[in-house]
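Below is one structure, written out as structure tokens; comments come after it.
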Amino acid sequence: MQSSTELLHYMSGFGNEHVSEDPRCPGALPEGQNNPQVCPYGLYAEQLSGSAFTCPRPTNKRSWLYRILPSVCHKPFKPLEEGHLTHNWDEVEPDPNQERGLAPAPLLAPNGLGRNGIAVHIFVCNTSMINRCLYNSDGDFLIVPQQGKLLITTEFGKMLVEPNEICVIQQGMRFSVEVFGETRGYILEVYGAHFELPDLGPIGANGLANPRDFLVPVAWYEDRQVPGGYTVISKYQGKLFAAQQDFSPFNVVAWHGNYTPYKYHLEKFMVINSVAFDHADPSIFTVLTAKSTRPGVAVADFVIFPPRWGVANNTFRPPYYHRNCMSEFMGLIKGHYEAKEEGFQPGGASLHSMMTPHGPDADCFEKASKAKLEPERVAEGTMAFMFESSLSLAVTKWGLQTSNHLDKNYYKCWEPLKSHFNPNCK
């Protein structure tokens with residue numbers, strides 16, 4: 001396997017029609033057609049469809065892979081013991097309370113396997129996947145590493161993903177992960193939709209996450225036999241199944257298409273903010289969105305709160321108190337979140353369910369209400385993020401029972417808030 005210290009190459013652009021072939025086999029891509037009678041170098045042609053064949057062109061996703069052996073060459077899948085990633089929605093009672101998990105956060109919030117919904121996973125690992133790969137039949141993975149870097153080998157090539165970067169592995173794409181010590185982070189899984197760049201409206205043609213900053217791996221293959229067996233793991237209807245084959249699945253010599261894995265560095269996000277007074281809504285910090293069938297309503301948004309300037313006059317600058325028709329799952333990659341500098345740790349998480357009130361803690365409110373309003377850097381050295389969804393979320397039974405990591409005193413951060421009401425003073 002290629003060392004993480006070797007230089008990896010990428011192509012830039014979001015949703016582009018990319019073309020790539022491993023330089024060891026020039027001309028591996030067929031010319032002028034997808035499925036010739038005989039492919040160059042004796043390769044097999046295989047299409048990976050990420051959408052229905054008849055989807056409109058703007059949403060039609062597919063790639064053609066030219067590989068040494070097709071992915072159909074494996075033994076039957078068998079269930080993995082304790083191989084459950086998605087839990088029963090009914091296994092816990094609904095709970096509207098604010099939830100906060102300490103690092104590593106135990107909160108997992110699943111919703112729906114009927115090709116409509118999301119799940120939030122927390123991952124912790126210290127061992128690489130040796131002769132093992134995974135693909136997700138249920139949906140797409142948006143991976144947010146918080147500690148430790150991930151060298152991800154996919155059928156399309158390799159990506160090195162470090163904290164403050166994200167990557168997306170779309171439905172059906174096989175991948176394997178190499179780690180370099182204790183590693184942890186967050187995963188947003190979406191069902192029935194793919195991530196898109198948000199519409200910019202009156203912002204115009206440029207801003208937020210620019211398409212050119214998304215990176216797609218270049219073709220890389222290995223022609224490797226595995227006599228002891230290579231394990232292919234499928235996540236299917238929330239459970240894990242394993243099949244054996246005797247060769248590496250990363251045998252794609254060339255590919256073309258618009259259905260690919262990709263990564264993005266969060267520091268490249270172009271922040272939009274208020275320059276006069278009041279707040280713009282946090283939707284201006286949306287990096288990616290997975291749209292629902294209702295206009296303007298997302299199955300899931302990936303939102304970040306990056307370093308930026310705060311200059312609003314006569315304004316309470318931290319996030320406002322809020323009750324939301326959306327569910328908000330927040331995580332912290334590094335630093336101190338501006339609305340709660342204590343208690344919300346890197347690697348931790350919070351869940352504010354639909355219409356459950358939330359906002360700055362008492363200490364933040366008092367400081368911000370009395371602060372001298374001058375231009376200031378906000379969230380310097382910090383990167384917090386939010387998975388926001390129009391769907392209801394529930395913490396799994398496992399998450400609730402991991403009591404040593406669940407902050408049972410979270411609600412107390414608001415108890416010191418006191419009334420400042422004076423009917424004789426405006």
Side-chain angles (χ1 to χ4, degrees), residues 1-11 18-50 62-77 127-137 149-161 167 169-180 215-234 241-263:
M1 180 173 283
Q2 183 176 14
S3 167
S4 65
T5 59
E6 295 182 39
L7 181 63
L8 298 181
H9 298 282
Y10 303 93
M11 298 174 287
H18 286 293
V19 174
S20 185
E21 58 185 25
D22 191 301
R24 291 172 288 176
C25 295
L29 281 169
E31 291 188 12
Q33 64 180 117
N34 295 322
N35 192 23
Q37 184 177 21
V38 178
C39 292
Y41 296 97
L43 298 171
Y44 289 85
E46 179 179 289
Q47 183 175 198
L48 178 62
S49 294
R62 56 84 186 97
S63 285
W64 281 90
L65 313 178
Y66 300 92
R67 55 197 319 151
I68 296 169
L69 278 173
S71 57
V72 72
C73 297
H74 60 76
K75 302 294 185 184
F77 282 99
T127 302
S128 299
M129 298 170 67
I130 306 299
N131 292 333
R132 295 166 71 89
C133 73
L134 170 70
Y135 71 93
N136 187 355
S137 299
K149 57 189 175 183
L150 308 173
L151 179 59
I152 302 177
T153 301
T154 76
E155 296 169 279
F156 295 79
K158 293 174 175 281
M159 300 185 295
L160 183 64
V161 186
C167 73
I169 309 291
Q170 302 195 75
Q171 182 186 14
M173 297 176 180
R174 299 183 176 190
F175 68 99
S176 184
V177 180
E178 182 180 351
V179 297
F180 309 89
L215 301 178
V216 173
V218 298
W220 177 89
Y221 77 91
E222 58 179 7
D223 184 10
R224 182 167 66 91
Q225 297 297 307
V226 187
Y230 196 105
T231 302
V232 177
I233 301 171
S234 170
F241 300 82
Q244 297 295 313
Q245 59 188 51
D246 59 6
F247 62 94
S248 167
F250 305 118
N251 61 359
V252 176
V253 178
W255 61 267
H256 73 86
N258 64 353
Y259 189 55
T260 69
Y262 53 88
K263 75 169 195 169

side-chain hydrogen bond (donor to acceptor under 3.5 Å, both in side chains) pairs touching residues 244-254, sequence neighbours excluded, are Arg67-Asn251, Glu222-Ser248, Thr231-Gln244
One should read off an interatomic distance between Asn131 CG and Ser176 OG, to the nearest 0.5 angstrom, of 8.5 Å
Tyr44 atom OH, neighbour heavy-atom count above 12 within 6.0 Å
no
Nearest heavy-atom approach of Trp255 to Pro217 is CZ2-O, 3.3 Å
Here the gap from Phe247 atom CZ to Gln225 atom CD, rounded to the nearest 0.5 Å, amounts to 8.0 Å
- Look only at the side chain of Asn258 and the backbone of Arg62, and say whether a donor-acceptor pair between them is shorter than 3.5 Å. yes
Separation between CG (Leu160) and NZ (Lys158), nearest 0.5 Å, reads 10.5 Å
Arg132 CZ: over 12 foreign heavy atoms closer than 6.0 Å:
no
Interatomic distance, OH@Tyr230 vs NE2@His74, rounded to 0.5 Å, equals 13.5 Å
Hits for side-chain hydrogen bond (donor to acceptor under 3.5 Å, both in side chains) against Asn34, two or more places apart or cross-chain, chain-then-number order -> His256
For the CD atom on Glu31, are there more than 12 heavy atoms of other groups (residues, nucleotides or ligands in this structure) within a distance under 6.0 Å? no
CE of Met159 to NZ of Lys263, rounded to nearest 0.5 Å, is 8.0 Å
The reported gap from SG in Cys39 to CG in Leu29 (rounded to nearest 0.5 angstrom) is 10.0 Å
